[in-house]
2 protein chains.
Amino acid sequence: MMPFRLSTRGHYAVLVMYELAKAGGSYSSLQDISAYWSLSQGYLEQIVRPLREAGLVEGKRGFGGGYTLAKDASEITVGEIVRTVEGPVVPVQCVADDLHPERCPDDCRAKAVWQKVGQAIDHVLDSITLADLIREDFPSTPTSKGDRSRD
Amino acid sequence: MMPFRLSTRGHYAVLVMYELAKAGGSYSSLQDISAYWSLSQGYLEQIVRPLREAGLVEGKRGFGGGYTLAKDASEITVGEIVRTVEGPVVPVQCVADDLHPERCPDDCRAKAVWQKVGQAIDHVLDSITLADLIREDFPSTPTSKGDRSRD
DNA sequence: GATAATCCTATTATAATAATAGGATTAGTG
DNA sequence: CACTAATCCTATTATTATAATAGGATTATC
(Lines give C-alpha, C1' and ligand atoms only; values in the text may rest on other atoms or scores of the structure.)
Protein backbone atom coordinates (compact mmCIF):
# COMPACT_ATOMS: atom_id res chain seq x y z
CA MET A 1 0.00 0.00 0.00
CA MET A 2 1.07 3.54 -0.87
CA PRO A 3 3.35 3.34 -3.87
CA PHE A 4 6.45 5.48 -4.41
CA ARG A 5 6.94 6.03 -0.70
CA LEU A 6 9.99 7.68 0.75
CA SER A 7 11.32 5.94 3.85
CA THR A 8 11.97 7.83 7.05
CA ARG A 9 15.70 7.92 6.23
CA GLY A 10 15.15 10.33 3.36
CA HIS A 11 12.38 12.12 5.15
CA TYR A 12 14.40 12.74 8.32
CA ALA A 13 17.53 13.59 6.34
CA VAL A 14 15.73 16.46 4.64
CA LEU A 15 14.28 17.52 7.98
CA VAL A 16 17.72 17.68 9.59
CA MET A 17 19.24 19.53 6.64
CA TYR A 18 16.34 21.94 6.73
CA GLU A 19 17.04 22.66 10.38
CA LEU A 20 20.75 23.15 9.70
CA ALA A 21 19.92 25.54 6.90
CA LYS A 22 17.71 27.56 9.24
CA ALA A 23 20.54 27.69 11.78
CA GLY A 24 22.82 29.40 9.28
CA GLY A 25 26.53 29.06 10.04
CA SER A 26 26.23 27.95 13.66
CA TYR A 27 26.36 24.37 14.87
CA SER A 28 23.19 22.49 15.81
CA SER A 29 23.30 19.30 17.85
CA LEU A 30 21.32 16.24 16.91
CA GLN A 31 20.15 16.12 20.49
CA ASP A 32 18.31 19.38 20.04
CA ILE A 33 16.91 18.47 16.64
CA SER A 34 15.82 14.97 17.69
CA ALA A 35 14.19 16.37 20.81
CA TYR A 36 12.38 19.06 18.86
CA TRP A 37 10.94 16.60 16.33
CA SER A 38 10.55 13.75 18.85
CA LEU A 39 12.85 11.43 16.89
CA SER A 40 15.52 8.95 17.92
CA GLN A 41 18.90 10.64 18.21
CA GLY A 42 20.77 7.40 17.44
CA TYR A 43 18.76 6.91 14.31
CA LEU A 44 19.46 10.46 13.15
CA GLU A 45 23.18 9.86 13.75
CA GLN A 46 23.08 6.94 11.34
CA ILE A 47 21.31 9.06 8.77
CA VAL A 48 23.61 12.06 9.07
CA ARG A 49 26.73 9.96 8.70
CA PRO A 50 26.49 9.51 4.90
CA LEU A 51 25.65 13.20 4.58
CA ARG A 52 28.93 14.01 6.27
CA GLU A 53 30.85 11.50 4.18
CA ALA A 54 29.34 13.04 1.05
CA GLY A 55 30.55 16.47 2.12
CA LEU A 56 27.12 17.98 2.67
CA VAL A 57 27.56 18.67 6.39
CA GLU A 58 30.44 19.16 8.79
CA GLY A 59 30.46 17.71 12.27
CA LYS A 60 32.16 19.27 15.25
CA ARG A 61 32.71 17.24 18.36
CA GLY A 62 32.63 18.17 21.99
CA PHE A 63 30.88 20.83 23.96
CA GLY A 64 29.16 23.36 21.73
CA GLY A 65 29.62 21.08 18.77
CA GLY A 66 27.06 19.68 16.37
CA TYR A 67 26.52 19.87 12.64
CA THR A 68 26.45 22.65 10.12
CA LEU A 69 26.06 22.80 6.35
CA ALA A 70 29.35 22.28 4.51
CA LYS A 71 28.16 24.33 1.54
CA ASP A 72 25.84 27.24 1.03
CA ALA A 73 22.18 26.34 1.36
CA SER A 74 21.64 27.45 -2.22
CA GLU A 75 24.06 24.80 -3.43
CA ILE A 76 22.40 21.81 -1.78
CA THR A 77 19.33 20.33 -3.41
CA VAL A 78 16.75 18.05 -1.87
CA GLY A 79 17.68 15.53 -4.56
CA GLU A 80 21.29 15.36 -3.38
CA ILE A 81 20.16 14.77 0.18
CA VAL A 82 17.67 12.03 -0.65
CA ARG A 83 19.97 10.19 -3.04
CA THR A 84 22.86 10.38 -0.58
CA VAL A 85 21.00 8.60 2.18
CA GLU A 86 18.73 6.38 0.07
CA GLY A 87 20.51 5.73 -3.20
CA PRO A 88 19.34 6.46 -6.74
CA VAL A 89 15.71 6.94 -7.63
CA VAL A 90 14.75 3.76 -9.47
CA PRO A 91 11.03 3.09 -9.02
CA VAL A 92 11.15 -0.41 -10.54
CA GLN A 93 14.06 -2.78 -10.35
CA CYS A 94 13.86 -3.99 -13.96
CA VAL A 95 14.91 -0.53 -15.12
CA ALA A 96 18.31 -0.91 -13.48
CA ASP A 97 19.09 -4.56 -13.98
CA ASP A 98 17.16 -6.67 -16.43
CA LEU A 99 14.89 -9.07 -14.63
CA HIS A 100 13.98 -10.81 -17.88
CA PRO A 101 17.01 -10.28 -20.10
CA GLU A 102 15.44 -11.96 -23.12
CA ARG A 103 11.95 -10.56 -23.17
CA CYS A 104 12.13 -7.31 -21.25
CA PRO A 105 13.88 -5.04 -23.73
CA ASP A 106 11.88 -5.92 -26.82
CA ASP A 107 8.64 -6.86 -25.25
CA CYS A 108 7.92 -4.67 -22.29
CA ARG A 109 7.27 -1.05 -23.09
CA ALA A 110 6.09 -0.43 -19.54
CA LYS A 111 9.75 0.02 -18.70
CA ALA A 112 9.67 3.43 -20.34
CA VAL A 113 6.94 4.45 -17.90
CA TRP A 114 9.10 3.72 -14.87
CA GLN A 115 12.02 5.56 -16.40
CA LYS A 116 9.82 8.60 -16.97
CA VAL A 117 8.57 8.49 -13.40
CA GLY A 118 12.10 8.32 -12.04
CA GLN A 119 13.14 11.28 -14.14
CA ALA A 120 10.11 13.29 -13.04
CA ILE A 121 10.91 12.63 -9.39
CA ASP A 122 14.56 13.58 -9.83
CA HIS A 123 13.51 16.72 -11.66
CA VAL A 124 11.36 17.93 -8.80
CA LEU A 125 13.91 17.03 -6.12
CA ASP A 126 16.79 18.64 -7.99
CA SER A 127 14.88 21.84 -8.60
CA ILE A 128 14.54 22.65 -4.90
CA THR A 129 17.48 23.85 -2.79
CA LEU A 130 17.67 24.24 0.96
CA ALA A 131 17.79 27.98 0.35
CA ASP A 132 14.40 27.69 -1.35
CA LEU A 133 13.01 25.73 1.59
CA ILE A 134 13.86 28.37 4.18
CA ARG A 135 12.55 31.25 2.09
CA GLU A 136 9.66 32.95 3.83
CA ASP A 137 7.39 32.61 0.83
CA PHE A 138 8.22 29.06 -0.27
CA PRO A 139 6.64 27.47 -2.18
CA SER A 140 4.51 30.30 -3.54
CA THR A 141 7.31 32.22 -5.25
CA PRO A 142 10.28 30.10 -6.33
CA THR A 143 13.31 31.97 -7.55
CA SER A 144 16.96 30.90 -7.69
CA LYS A 145 18.57 28.13 -9.71
CA GLY A 146 16.75 25.05 -10.87
CA ASP A 147 14.23 24.59 -13.62
CA ARG A 148 10.72 25.49 -12.62
CA SER A 149 9.36 26.18 -16.05
CA ARG A 150 6.47 23.82 -15.52
CA ASP A 151 5.20 24.89 -12.11
CA MET B 1 17.74 1.94 -0.09
CA MET B 2 16.14 2.99 -3.37
CA PRO B 3 13.58 5.65 -2.57
CA PHE B 4 10.20 6.03 -4.28
CA ARG B 5 10.07 2.37 -5.21
CA LEU B 6 7.01 0.74 -6.68
CA SER B 7 6.29 -2.67 -5.17
CA THR B 8 5.74 -5.71 -7.34
CA ARG B 9 1.98 -5.36 -6.89
CA GLY B 10 1.88 -2.21 -9.00
CA HIS B 11 4.59 -3.47 -11.31
CA TYR B 12 2.86 -6.77 -12.03
CA ALA B 13 -0.55 -5.13 -12.27
CA VAL B 14 0.67 -2.94 -15.13
CA LEU B 15 2.33 -5.94 -16.73
CA VAL B 16 -0.90 -7.94 -16.67
CA MET B 17 -2.95 -5.05 -17.98
CA TYR B 18 -0.40 -4.51 -20.69
CA GLU B 19 -0.78 -8.15 -21.75
CA LEU B 20 -4.57 -7.87 -21.73
CA ALA B 21 -4.37 -4.76 -23.87
CA LYS B 22 -2.20 -6.59 -26.37
CA ALA B 23 -4.70 -9.46 -26.46
CA GLY B 24 -7.44 -7.09 -27.61
CA GLY B 25 -10.98 -8.33 -26.94
CA SER B 26 -10.13 -11.98 -26.28
CA TYR B 27 -9.67 -13.55 -22.88
CA SER B 28 -6.20 -14.28 -21.48
CA SER B 29 -5.67 -16.64 -18.57
CA LEU B 30 -3.43 -15.76 -15.66
CA GLN B 31 -1.86 -19.16 -16.09
CA ASP B 32 -0.51 -18.15 -19.49
CA ILE B 33 0.59 -14.71 -18.33
CA SER B 34 2.23 -15.96 -15.15
CA ALA B 35 4.03 -18.71 -17.06
CA TYR B 36 5.24 -16.28 -19.70
CA TRP B 37 6.67 -13.85 -17.15
CA SER B 38 7.70 -16.56 -14.66
CA LEU B 39 5.53 -15.17 -11.91
CA SER B 40 3.34 -16.78 -9.27
CA GLN B 41 -0.18 -17.30 -10.59
CA GLY B 42 -1.68 -17.14 -7.10
CA TYR B 43 0.00 -13.82 -6.48
CA LEU B 44 -1.31 -12.41 -9.75
CA GLU B 45 -4.81 -13.53 -8.81
CA GLN B 46 -4.60 -11.44 -5.65
CA ILE B 47 -3.42 -8.47 -7.66
CA VAL B 48 -6.04 -8.74 -10.38
CA ARG B 49 -8.89 -8.96 -7.91
CA PRO B 50 -9.02 -5.24 -7.05
CA LEU B 51 -8.70 -4.45 -10.75
CA ARG B 52 -11.85 -6.45 -11.39
CA GLU B 53 -13.66 -4.87 -8.44
CA ALA B 54 -12.74 -1.44 -9.77
CA GLY B 55 -14.23 -2.30 -13.15
CA LEU B 56 -10.98 -2.26 -15.10
CA VAL B 57 -11.08 -5.92 -16.14
CA GLU B 58 -13.71 -8.60 -16.58
CA GLY B 59 -13.16 -12.19 -15.55
CA LYS B 60 -14.70 -15.18 -17.23
CA ARG B 61 -14.61 -18.54 -15.52
CA GLY B 62 -14.24 -22.00 -16.91
CA PHE B 63 -12.60 -23.45 -19.95
CA GLY B 64 -11.51 -20.77 -22.38
CA GLY B 65 -12.01 -18.12 -19.74
CA GLY B 66 -9.60 -15.61 -18.34
CA TYR B 67 -9.50 -11.83 -18.15
CA THR B 68 -10.08 -9.05 -20.62
CA LEU B 69 -10.15 -5.27 -20.38
CA ALA B 70 -13.52 -3.93 -19.27
CA LYS B 71 -12.94 -0.64 -21.09
CA ASP B 72 -11.08 0.46 -24.17
CA ALA B 73 -7.31 0.49 -23.75
CA SER B 74 -7.33 4.22 -24.49
CA GLU B 75 -9.52 4.83 -21.45
CA ILE B 76 -7.31 3.10 -18.89
CA THR B 77 -4.28 4.95 -17.58
CA VAL B 78 -1.27 3.52 -15.81
CA GLY B 79 -2.16 5.80 -12.92
CA GLU B 80 -5.56 4.17 -12.47
CA ILE B 81 -3.97 0.75 -12.42
CA VAL B 82 -1.28 1.60 -9.92
CA ARG B 83 -3.58 3.48 -7.56
CA THR B 84 -6.18 0.72 -7.71
CA VAL B 85 -3.79 -1.96 -6.48
CA GLU B 86 -1.52 0.18 -4.29
CA GLY B 87 -3.56 3.11 -3.08
CA PRO B 88 -2.91 6.82 -3.51
CA VAL B 89 0.53 8.19 -4.31
CA VAL B 90 1.66 9.79 -1.04
CA PRO B 91 5.46 9.74 -0.84
CA VAL B 92 5.61 10.85 2.78
CA GLN B 93 3.06 10.04 5.43
CA CYS B 94 3.00 13.49 7.01
CA VAL B 95 1.41 14.86 3.85
CA ALA B 96 -1.72 12.80 4.42
CA ASP B 97 -2.10 12.78 8.19
CA ASP B 98 -0.23 15.20 10.35
CA LEU B 99 2.55 13.50 12.25
CA HIS B 100 3.27 16.63 14.25
CA PRO B 101 -0.05 18.45 14.30
CA GLU B 102 1.31 21.47 16.13
CA ARG B 103 4.59 22.11 14.37
CA CYS B 104 4.24 20.55 10.94
CA PRO B 105 1.89 22.97 9.22
CA ASP B 106 3.62 26.19 10.20
CA ASP B 107 7.14 25.03 10.56
CA CYS B 108 7.96 22.41 7.97
CA ARG B 109 8.07 23.65 4.42
CA ALA B 110 9.58 20.35 3.27
CA LYS B 111 6.02 19.12 3.16
CA ALA B 112 5.48 21.09 -0.03
CA VAL B 113 8.32 19.14 -1.63
CA TRP B 114 6.62 15.81 -1.02
CA GLN B 115 3.33 17.14 -2.32
CA LYS B 116 5.04 18.29 -5.51
CA VAL B 117 6.71 14.92 -5.96
CA GLY B 118 3.41 13.11 -5.54
CA GLN B 119 1.77 15.36 -8.11
CA ALA B 120 4.62 14.87 -10.57
CA ILE B 121 4.33 11.09 -10.26
CA ASP B 122 0.57 11.18 -10.73
CA HIS B 123 0.98 13.44 -13.72
CA VAL B 124 3.28 11.02 -15.50
CA LEU B 125 1.20 7.97 -14.62
CA ASP B 126 -2.06 9.61 -15.67
CA SER B 127 -0.64 10.78 -18.97
CA ILE B 128 -0.03 7.25 -20.27
CA THR B 129 -2.82 4.93 -21.33
CA LEU B 130 -2.64 1.24 -22.14
CA ALA B 131 -3.32 2.20 -25.75
CA ASP B 132 -0.12 4.27 -25.66
CA LEU B 133 1.82 1.36 -24.23
CA ILE B 134 0.93 -1.02 -27.04
CA ARG B 135 1.59 1.53 -29.78
CA GLU B 136 4.41 0.33 -32.00
CA ASP B 137 6.37 3.53 -31.59
CA PHE B 138 5.94 4.14 -27.87
CA PRO B 139 7.62 6.05 -26.34
CA SER B 140 9.55 7.60 -29.20
CA THR B 141 6.65 9.51 -30.74
CA PRO B 142 4.08 10.76 -28.26
CA THR B 143 0.86 11.68 -30.01
CA SER B 144 0.41 15.26 -28.83
CA LYS B 145 3.40 17.57 -28.34
CA GLY B 146 5.22 16.06 -25.40
CA ASP B 147 2.78 16.78 -22.64
CA ARG B 148 -0.18 14.47 -22.58
CA SER B 149 -2.40 15.66 -19.78
CA ARG B 150 -5.84 14.36 -20.51
CA ASP B 151 -9.43 15.23 -19.68
C1' DG C 1 -18.04 -35.77 -15.74
C1' DA C 2 -13.46 -34.15 -16.57
C1' DT C 3 -11.10 -30.08 -16.96
C1' DA C 4 -9.70 -25.30 -17.02
C1' DA C 5 -10.29 -21.39 -15.44
C1' DT C 6 -11.74 -17.69 -11.92
C1' DC C 7 -12.68 -16.73 -7.24
C1' DC C 8 -11.80 -16.60 -2.10
C1' DT C 9 -9.50 -16.91 2.62
C1' DA C 10 -5.81 -17.78 5.48
C1' DT C 11 -1.15 -18.51 6.60
C1' DT C 12 3.85 -18.10 6.15
C1' DA C 13 8.51 -16.76 4.53
C1' DT C 14 11.46 -13.04 3.44
C1' DA C 15 13.36 -8.66 3.39
C1' DA C 16 13.58 -3.89 4.41
C1' DT C 17 12.84 -0.53 7.69
C1' DA C 18 13.42 1.61 11.92
C1' DA C 19 15.23 1.64 15.54
C1' DT C 20 17.95 0.34 20.11
C1' DA C 21 22.15 -0.51 22.67
C1' DG C 22 26.59 0.33 24.09
C1' DG C 23 30.55 2.16 23.66
C1' DA C 24 34.88 5.16 21.85
C1' DT C 25 36.57 9.60 20.70
C1' DT C 26 36.99 14.65 20.83
C1' DA C 27 36.57 19.23 22.51
C1' DG C 28 35.34 22.85 25.28
C1' DT C 29 34.21 24.51 30.57
C1' DG C 30 34.82 25.17 35.42
C1' DC D 1 42.37 17.98 35.13
C1' DA D 2 38.21 16.06 35.68
C1' DC D 3 33.43 16.82 33.77
C1' DT D 4 30.39 17.06 30.32
C1' DA D 5 28.43 17.49 25.78
C1' DA D 6 28.75 16.32 21.64
C1' DT D 7 30.17 13.44 17.42
C1' DC D 8 31.52 9.01 15.89
C1' DC D 9 31.26 3.83 15.26
C1' DT D 10 29.56 -1.14 15.29
C1' DA D 11 26.37 -4.55 16.22
C1' DT D 12 21.96 -6.35 17.30
C1' DT D 13 16.95 -6.46 17.48
C1' DA D 14 12.02 -5.35 16.85
C1' DT D 15 8.65 -4.22 13.69
C1' DT D 16 6.41 -4.02 9.51
C1' DA D 17 5.37 -4.56 4.68
C1' DT D 18 6.04 -7.31 0.92
C1' DA D 19 5.68 -11.36 -1.57
C1' DA D 20 4.29 -15.29 -1.87
C1' DT D 21 2.28 -20.14 -0.75
C1' DA D 22 -1.48 -23.26 0.26
C1' DG D 23 -5.81 -25.13 -0.24
C1' DG D 24 -9.96 -25.02 -1.55
C1' DA D 25 -14.82 -23.44 -3.75
C1' DT D 26 -17.19 -22.08 -7.77
C1' DT D 27 -18.32 -21.77 -12.71
C1' DA D 28 -18.21 -22.71 -17.53
C1' DT D 29 -16.84 -25.38 -21.50
C1' DC D 30 -15.87 -29.70 -23.88
Side-chain angles (χ1 to χ4, degrees), chain A residues 1-13 15-16 19-20 23 26-35 37-54 56-68 70 82 85-87 90-94 99, chain B residues 1-13 15-16 19-20 23 26-35 37-54 56-68 70 82 85-87 90-94 99:
Chain A
M1 274 300 169
M2 297 252 192
F4 306 106
R5 228 175 46 253
L6 182 67
S7 76
T8 55
R9 283 184 69 82
H11 184 185
Y12 295 172
L15 219 49
V16 168
E19 290 294 335
L20 297 187
S26 65
Y27 286 85
S28 309
S29 73
L30 291 187
Q31 183 174 321
D32 287 352
I33 295 175
S34 63
W37 287 99
S38 308
L39 303 173
S40 154
Q41 180 179 348
Y43 190 36
L44 287 191
E45 284 172 359
Q46 289 176 39
I47 292 170
V48 169
R49 189 175 168 181
L51 294 172
R52 174 174 49 79
E53 290 169 347
L56 296 181
V57 302
E58 271 175 18
K60 184 183 172 191
R61 290 175 161 185
F63 193 98
Y67 291 95
T68 191
V82 169
V85 301
E86 298 239 29
V90 181
V92 168
Q93 192 68 6
C94 71
L99 186 61
Chain B
M1 275 298 168
M2 298 254 193
F4 305 106
R5 225 173 50 254
L6 182 67
S7 76
T8 55
R9 282 184 69 83
H11 185 186
Y12 296 171
L15 219 49
V16 168
E19 291 295 335
L20 298 187
S26 66
Y27 285 86
S28 309
S29 74
L30 291 187
Q31 182 173 322
D32 288 351
I33 294 175
S34 64
W37 287 100
S38 307
L39 303 173
S40 154
Q41 179 179 348
Y43 190 35
L44 288 192
E45 285 172 359
Q46 289 176 39
I47 292 169
V48 170
R49 189 176 169 181
L51 294 173
R52 175 174 49 79
E53 291 169 346
L56 297 181
V57 302
E58 271 175 19
K60 183 184 171 192
R61 290 173 161 184
F63 192 96
Y67 290 95
T68 192
V82 169
V85 301
E86 299 240 28
V90 180
V92 168
Q93 193 68 7
C94 70
L99 186 60

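None of the values given here were measured: they were computed from a predicted structure. Here is the naming used below: chain letters follow the sequence lines, and residue numbers restart at 1 for every chain.
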N or O in side chain of B:Tyr27 less than 4.0 angstrom from C:dT6 OP1/OP2: no
Toward the 5' end of DNA chain D, by each residue's nearest nucleotide, A:Arg5 or A:Gly66: A:Gly66
Short side-chain N/O contact to C:dA4 OP1/OP2 from B:Ser29, under 4.0 Å: no
Distance test, side-chain N/O of B:Arg49 to OP1/OP2 of C:dT9, below 4.0 Å: yes
Interatomic distance, A:Gln31 CD vs D:dA6 P [rounded to whole Å]: 5 Å
Side-chain heavy-atom pair A:Leu15, A:Leu44 within 4.5 angstrom cut-off: no
Earlier contact from the 5' end, DNA chain C, for A:Gly64 and A:Gly42: A:Gly42
Per B:Arg61 side chain, nearest of listed nucleotides D:dT27, D:dA20, C:dG28: D:dT27
Residue-phosphate contact under 4.0 Å: A:Ser7 side-chain N/O, C:dA16 OP1/OP2: no
Check: A:Arg9 side chain, A:Glu86 main-chain N or O, donor-acceptor pair, under 3.5 Å: no
Separation between OG of A:Ser7 and CZ of B:Phe4, rounded to the nearest 0.5 Å: 9.0 Å
B:Val16 vs B:Ile47 side-chain heavy atoms within contact, under 4.5 Å: no
Distance test, side-chain N/O of B:Ser40 to OP1/OP2 of D:dA20, below 4.0 Å: no
Point-to-point distance, once rounded to the nearest 0.5 Å, from CD of B:Gln93 to NE2 of A:His11: 10.0 Å
B:Glu45 CD to D:dA19 P, straight-line distance once rounded to whole Å: 17 Å
B:Leu44 CG to C:dC8 P, straight-line distance once rounded to whole Å: 17 Å
Between D:dA6 (P) and A:Lys60 (NZ): distance, integer Å: 12 Å
Sugar-phosphate only, base, or nothing, as touched by B:Arg52 at under 4.0 Å among non-hydrogen atoms: sugar-phosphate
Residue pair B:Tyr43 / B:Thr8, side-chain heavy-atom distance below 4.5 Å: yes
Residue mapping more 5' on DNA chain D - nearest nucleotide basis, A:Gly62 or B:Glu86: A:Gly62
d(CD1, A:Ile47; C1', C:dA18) in whole Å: 9 Å
Separation of atom CG in A:Leu30 from atom P in D:dA6, rounded to whole Å: 10 Å
Residue-phosphate contact under 4.0 Å: B:Tyr67 side-chain N/O, C:dC7 OP1/OP2: yes
Donor/acceptor link under 3.5 angstrom from B:Gln46 side chain onto base of D:dT21: yes
side-chain N/O A:Thr8 vs C:dA18 OP1/OP2, d < 4.0 Å: yes
Distance in angstrom units between A:Met2 CE and D:dT16 C1', rounded: 15 Å
Spacing of B:Tyr43 atom OH relative to C:dT12 atom P, expressed in whole Å: 19 Å
